[in-house]
Amino acid sequence: MLPIDAAAHSSRWRRRHPVDKAVLGLGLTVLAISLPPWPGAALVLLTALTVLLGPAGVPGRRLWRAYRVPLGFCVTGAATLLIQVGGPEGFVTLADGGPVRAGQLLLRTSAASLGVLLFAFTTPMSDLLPRLVKAGVPAPVVDVALVTYRMSFLLLDSVRRIRDAQAARLGHTTRAATWRSLAGLGATAFVRAFDRAARLQTGLAGRGYDGTLRVLVPEARVSARFVAGSVVLLVALAVLTFVLERPLS
């Protein structure tokens with residue numbers, strides 16, 4: 001199980017309905033994209049961090065391990081706005097207003113990423129996917145997503161076991177041995193993936209699979225108080241953004 005999935009299953013909000021967490025997490029993401037970068041996205045970023053580390057109870061180290069990957073993409077995308085290629089001043093020069101635009105983009109994307117992580121760190125996929133059928137998503141699409149979600153963990157576990165076996169047999173001692181081990185890892189994982197898929201299909205057929213996977217979903221109700229509190233928080237962030245922005249305009 002991936003660290004973010006383990007955190008979602010052990011989250012304080014594990015038993016809350018996904019709609020509750022979607023209103024808050026995805027609402028923060030929408031605000032980060034739609035509000036002015038300063039101070040709107042900055043307020044959203046601080047709020048998301050506070051909720052993640054506070055009420056949601058996400059460990060700081062685990063949050064950083066998950067956040068550093070999208071943050072790297074955010075920094076890379078913002079860095080491209082710092083320079084311009086071509087022009088009378090040279091082939092590569094500092095773009096006019098590049099630092100401002102880069103900072104605005106970095107604020108927006110990093111805050112939006114935290115909003116998505118808030119939802120991901122508190123909502124296991126096993127709770128979300130089965131409920132999508134009631135939301136109008138076709139059942140076959142949800143079934144494929146469930147099977148893919150399950151198979152991804154089996155494949156990752158197989159890759160880990162193969163790598164451990166190769167390391168125990170000194171398969172990574174030299175560069176040539178590492179490349180041979182990597183080729184063997186890819187080939188073995190490919191074969192095992194097809195074998196597991198065939199066994200899964202045989203097992204489903206033996207259990208009378210009729211085109212729909214039926215799974216038990218933990219009972220949960222949408223909390224009107226939680227949703228109302230989330231909406232109030234989102235509105236307050238929007239209002240505070242425009243109040244703080246006005247003196248600077």
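- For Leu117 against Leu63, the heavy-atom pair with the smallest separation is CD1-CD1, 4.4 Å.
- Put simply, OG1 on Thr122 and NZ on Lys21 are 5.0 Å apart, with the number rounded to the nearest 0.5 Å.
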Worked check of side-chain contact (heavy atoms from CB on, under 4.5 Å) between Leu106 and Val75: CA-CA 6 Å; Leu106 183 59; Val75 173; 3.9 Å; yes
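- Going from atom CZ of Arg163 over to atom OG1 of Thr188 covers 13.0 Å, rounded to the nearest 0.5 Å.
- Contact check for Leu24 versus Trp13: side-chain heavy atoms found under the 4.5 Å cut-off.
- Residues Val222 and Asp20 are in side-chain contact: their nearest non-hydrogen atoms beyond the backbone lie under 4.5 Å apart.
- A side-chain contact (heavy atoms from CB on, under 4.5 Å) with Val58 is found for exactly one of Val51, Leu52, Leu118, namely Leu52.
- Aromatic ring pairs are classed by plane angle as parallel below 30°, tilted from 30° to 60° and perpendicular above 60°; the pair Tyr67 and Trp64 is perpendicular.
- By the 4.5 Å heavy-atom criterion applied to side chains, Ser223 and Arg16 are counted as neighbours.
- Within the 4.5 Å cutoff, side-chain heavy atoms of Thr241 are placed close to those of Pro36.
- A salt bridge does not link Arg161 with Asp164: every distance from a Lys NZ or Arg NE/NH1/NH2 to an Asp or Glu carboxylate oxygen is 4.0 Å or more.
- Heavy-atom contacts from other residues, nucleotides or ligands closer than 6.0 Å to CZ of Arg225 number 12 or fewer.
- At least one side-chain heavy atom of Pro124 sits less than 4.5 Å from a side-chain heavy atom of Arg14.
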